[in-house]
2 protein chains.
Amino acid sequence: MPENRDIKKKNTTKEKILTAATALFSHYGYKGASVRKIAAEVGIRESALYNHYKNKEEIFLEVAKNIFSSPFSFSEDEVKELAFRGKPFLQKYTMQYKMLTFDRKNENMFRLLMIELMQNKSLREQFMSQYHDKNIALLSEGFFIMMQNSLIRSCDPMLIAYEFISTLFYIRLQVTLLRFDAYSTNSLATQFEKHVDFFWESIKI
Amino acid sequence: MPENRDIKKKNTTKEKILTAATALFSHYGYKGASVRKIAAEVGIRESALYNHYKNKEEIFLEVAKNIFSSPFSFSEDEVKELAFRGKPFLQKYTMQYKMLTFDRKNENMFRLLMIELMQNKSLREQFMSQYHDKNIALLSEGFFIMMQNSLIRSCDPMLIAYEFISTLFYIRLQVTLLRFDAYSTNSLATQFEKHVDFFWESIKI
DNA sequence: GTCTATACGTTGATAGAC
DNA sequence: GTCTATCAACGTATAGAC
């Protein structure tokens, strides 16, 4: 039991470090966020920081844990039930994806992922297995059910899933880029919904 | 006139620097590629490097010029002619995109783009205008022609273009990631073609 | 747990001899 | 144009006093 955390918010130095590190890493990347800056952000000296983490790498790994920790809240039964109805499944899935895209915390983690993707082999592999494969698996299961129920045209469910998720990813990337520079995302605001509509027209029978 | 460059390949120090810098930047990013490493790669001292470029930034900008300098070789007439035939237009466009994806030089530039996209505002804006907008413009023109000729179902050409290019981008990203770690791209080898086939089935009348 | 002090490698860049 | 020498700033990290 983590003590009486529910009553009194601890906000320990260690937590402060993680918060500061998250902000700096997701903004400047691993190399760009120096230990000095992190310590300064917390309000302590670099040396004090080493009382809580072994080194910079350890801090980063702690931060990076959150990159792939936002699974969709879809239960097995929920997938089956929704997929049976067709389009509503895609709509709910996309709405959840859109929420993640515009959620500050997840936005930061997505940016960190994009910054470090080409620099960190572990992150690349996690992206493939925990982001890509996971999404493909969930979606293709849904499409398979739709196919069984003759809601959509016959086709490889994995291919349909690939086609569907790739556009979601691209929209998310664009939104993240625009928001990073505080540009308006008005032109992309309804892109998620348009995608679902277009896609459903493409596969429905 | 650049002298007798056609006969005797100059391969000046300045060119060597650019080559070395390109390799290092596209592998380690701007911060990861130090001036020392670039100089060492060329075989000179850092100080000698400053006889050819004002500073590191100037070298990077010279390298970065090549990121968006690979336009598709589509003339206005070619678009009209091919789009009139429908699917062959998508096939040719995709084959060119696939070539770029697997071309070493373009692969390096794409990786550099991905590495620096979140770190460099200028690159973000160029990505939007010179990559995204340009592709959307070319593709939507093709889809518009197809629509006029009743080859495909009626829909916003820009939306169709968006849907089409987003998947190409995602495939390219995945291929680049896999190749970076020298992993096999067999599982993705035919993804481009599958995309065209699926997409054509989605929009044709 | 935090501080000061310190160590030591790396970075981008310049001055001046050849 | 290239070299040696040198620089200040910044990087991560440790030792030891309080």
Side-chain angles (χ1 to χ4, degrees), chain A residues 2-5 8-64 112 115-116 118-123, chain B residues 2-5 8-64 112 115-116 118-123:
Chain A
E3 299 180 14
N4 52 345
R5 190 178 296 190
K8 183 178 159 194
K9 198 184 177 193
K10 296 290 286 291
N11 215 358
T12 63
T13 301
K14 190 159 187 171
E15 286 167 351
K16 280 190 204 162
I17 293 171
L18 206 61
T19 304
T22 300
L24 289 166
F25 278 138
S26 68
H27 206 94
Y28 303 107
Y30 184 79
K31 304 198 79 143
S34 68
V35 176
R36 265 179 168 78
K37 281 181 196 158
I38 297 173
E41 184 81 9
V42 175
I44 57 174
R45 296 288 136 121
E46 307 95 272
S47 53
L49 200 145
Y50 288 91
N51 284 316
H52 305 278
Y53 292 95
K54 201 180 69 187
N55 53 27
K56 188 184 181 181
E57 178 77 9
E58 196 178 272
I59 305 176
F60 177 77
L61 290 177
E62 197 67 23
V63 171
L112 180 54
I115 294 175
E116 295 300 321
M118 293 289 177
Q119 313 272 348
N120 191 314
K121 184 170 179 175
S122 165
L123 234 46
Chain B
E3 298 181 13
N4 51 344
R5 189 178 298 189
K8 183 179 160 195
K9 199 182 176 195
K10 294 290 285 293
N11 215 358
T12 63
T13 301
K14 190 158 186 173
E15 286 167 351
K16 280 190 204 163
I17 293 171
L18 206 62
T19 304
T22 300
L24 288 166
F25 279 138
S26 67
H27 206 94
Y28 303 106
Y30 183 79
K31 305 199 81 144
S34 68
V35 176
R36 267 180 168 74
K37 283 180 196 158
I38 297 173
E41 183 83 8
V42 176
I44 57 173
R45 295 288 136 122
E46 307 93 272
S47 52
L49 201 145
Y50 289 92
N51 283 316
H52 305 278
Y53 291 95
K54 203 180 67 188
N55 53 26
K56 188 184 181 182
E57 178 77 10
E58 197 178 271
I59 305 176
F60 177 77
L61 290 177
E62 197 67 22
V63 171
L112 180 54
I115 293 175
E116 295 300 323
M118 292 290 178
Q119 311 273 348
N120 190 314
K121 185 170 180 177
S122 166
L123 234 46

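The chains referred to below are lettered A, B, ... by the order of the sequence lines, with proteins before strands, and numbering in each begins at 1.
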Which atom names give the shortest non-hydrogen contact between B/G29 and B/I115, and what distance separates them?
CA-CG2, 3.7 Å
Which of the following nucleotides, C/dA13, D/dC3, C/dA5, is nearest to the side chain of A/S47?
C/dA5
Name all pairs fulfilling the ring pair (Phe, Tyr, Trp, His ring centres under 6.0 Å) condition that reach into residues 10-41 of chain A, sequence neighbours left out, sorted by first residue then second.
A/F25-A/Y30, A/F25-A/F60, A/H27-A/F180, A/Y30-A/F60
For atom NZ of A/K56 and atom C1' of D/dA13, their distance in whole Å
12 Å
Could you go step by step and tell me if B/K16 and B/T19 meet the side chain to side chain contact (heavy atoms under 4.5 Å, CB included) rule?
CA-CA 5 Å; B/K16 280 190 204 163; B/T19 304; 5.7 Å; no
State which of C/dG1, D/dT12, C/dT4 makes the closest approach to the side chain of A/H52.
C/dG1
Using whole Å, report how far CD of A/E46 lies from C1' of D/dT14.
12 Å
Using a cut-off of 4.0 Å on non-hydrogen atoms, how would the nucleic acid contact of A/T13 be classed: base, sugar-phosphate, or nothing?
sugar-phosphate
N/O donor-acceptor pair under 3.5 Å between A/E58 side chain and A/N55 backbone:
no
What is the separation between atom CD on A/E15 and atom P on C/dG1, rounded to the nearest whole Å?
11 Å
Provide, to the nearest angstrom, the distance between the OH atom belonging to A/Y50 and the C1' atom belonging to C/dA7.
13 Å
Would you kindly give the CG-to-C1' distance between B/N55 and C/dT11, to the nearest whole Å?
14 Å
Atom-pair distance (CG on B/L49; P on C/dT11), nearest Å:
14 Å
OG1 of B/T13 to NE2 of B/H52: how many Å apart, nearest 0.5 Å?
4.5 Å
How long is the gap from CD1 on B/I17 to CD1 on B/I59, to the nearest 0.5 Å?
6.0 Å
What's the CD-P distance between A/E58 and D/dA13, to the nearest Å?
10 Å
How many whole angstroms separate atom CD1 of A/I59 from atom C1' of D/dG11?
14 Å
Check: residues 31-40 of chain B side-chain donor-acceptor pairs under 3.5 Å, at least two apart:
from  : atom 1 : to    : atom 2 : distance (Å)
B/S34 : OG     : B/K37 : N      : 3.2
B/K37 : NZ     : B/G32 : O      : 3.2

By a strict heavy-atom criterion of less than 4.0 Å, which residues belonging to residues 23-44 of chain A are in contact with DNA chain D?
A/S34, A/V35, A/R36
